[in-house]
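Shown next, in structure tokens, is the structure this report addresses.
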Amino acid sequence: MTDIIPSFSQTLEQHELVLQRKQAQILQVNMGRLCNQTCKHCHLAAGPDRKEIMDLKTIDQVIDYQKKCAFKVVDITGGAPEMNPNLIYFIEALSDITGTILLRSNLSALFDLKDDCLISVLKKNRVIIVSSFPSLNQAQADSQRGKGVFDKSIQALILLNQHGYGQEGTGLTLNLVSNPTGAYLPSSQKATEKRYRHILDEKWGIVFNNAYSFANMPLGRFEDWLKRSGNYDAYMANLYKNFNPCTISELMCRNLISISWDGFLFDCDFNLAANLYKGNEKKHLSQTKTCSFVDDKIATDNHCYACAAGSGFT
Ligand code: SF4
């Protein structure tokens, strides 16, 4: 933790703000750290050599929990969730008990699998695809995510468009998420979306529904890089300088519960990466009786500045 800025909790106090839970609406499920890529900005330091992956027993516990709680949204993330062999089983089991299912994809994993069965299950269940697409520049994207990833991502987007994703009137939603390739804050959501829409359409005829841009989390591989390159203190100072108190009421941790691959509860996927358990208390899904969590305290640390900088990470 850098000591050149106050702690996140001190800053909240200075602004007379309290970060407390509302009714939980979203269940975020991290299916593991296994991934086909080793992105430089990954807050989980996921990659092909990671062994952490959600097993069938934990998946069934999550399904039972969703049956009991009926969270409006189940948000499936990783690593690359496509690499979990039980993903289709999980989605099919969720489909009757969940209003909205989201799948976070790095696109290249979807492309590499070439799994028509997975794509038809995603379509049948109207699963919203939230895909990371960090840069429109091939060299930048490949240097951040790995050689050849940019081309695969483009091919995956074309494939998803062919299946109706991102196309008007199909009800199949394709959203893009970008993040800066260095130690700086993202440009505005509106500007990013406009640029992405124009260039993707002009060059490849690709369409999508929404594009979001978020700051990189000073955790995992990105934190290591910030420290190695001597950028850590300046990056944290910049996040602090851009602290926006208006973001606090809308932070995703207020209405989201995150479950790790081994079934423990966290306030969000970033706290999971930081090993900061929900409300600073280590608890497994199997010991959890409640679905609500209203007024529970949220565990924070200085990486939370990335959620509250500028227009925020909500
Ligand atoms: S990192 Fe998590 S706990 Fe911290 S502000 Fe962001 S969403 Fe909330």
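Each ligand, and each atom within it, is numbered from 1 in the order the structure gives. Worth saying up front: this structure is predicted, and the values here are computed from it rather than measured. For the numbers below, each heavy atom of this structure counts, side chains included, while hydrogens, waters and symmetry mates do not.
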Considering residues at least two apart in sequence or located in another chain, which fulfil the side chain to side chain contact (heavy atoms under 4.5 Å, CB included) criterion with T77? Q28, N30, R104, D269
With sequence neighbours excluded, give me every salt bridge (Lys or Arg N to Asp or Glu O under 4.0 Å) pair touching residues 153-167. none
With a 6.0 Å cut-off (strictly less than), is the heavy-atom count around CD of E168, excluding the residue itself, greater than 12? no
For L251, atoms of ligand 1 separated by under 4.0 Å from a heavy atom: 5 (S)
Is the shortest distance from a Lys or Arg side-chain nitrogen in K227 or E223 to a carboxylate oxygen in the other one below 4.0 Å? yes
Any side-chain donor near an acceptor of the partner, Y212 and T192, under 3.5 Å: no
So is A274 in contact with ligand 1, going by heavy-atom distances below 4.0 Å? no
Please confirm whether I298 comes under 4.0 Å of ligand 1, counting heavy atoms of the residue only. yes
Quick one: are the ring centres of F208 and Y165 less than 6.0 Å apart? no
Identify, by atom number and element, the atoms of ligand 1 in contact range of A299, meaning under 4.0 Å from any of its heavy atoms. 3 (S)
Is the contact between A306 and ligand 1 made by the side chain, the backbone, both, or neither, using heavy atoms and a 4.0 Å cut-off? neither
Taking both backbone and side-chain atoms into account, decide whether H303 has an N/O/S atom under 2.8 Å from atom 4 (Fe) of ligand 1. no
C268 near atom 2 (Fe) of ligand 1 via N/O/S, less than 2.8 Å: yes
Y235 and F222 aromatic ring geometry - parallel, tilted or perpendicular at 30°/60° bounds: perpendicular
Ligand 1-proximal atoms of D301, by part, heavy-atom distance under 4.0 Å: neither
Need the ligand 1 atom indices (1-based, order shown) with element for anything under 4.0 Å from a heavy-atom of C304. 1 (S), 3 (S), 4 (Fe), 5 (S)
For ligand 1, which atoms, with element, lie under 4.0 Å from some heavy atom of C307? 1 (S), 5 (S), 6 (Fe), 7 (S)
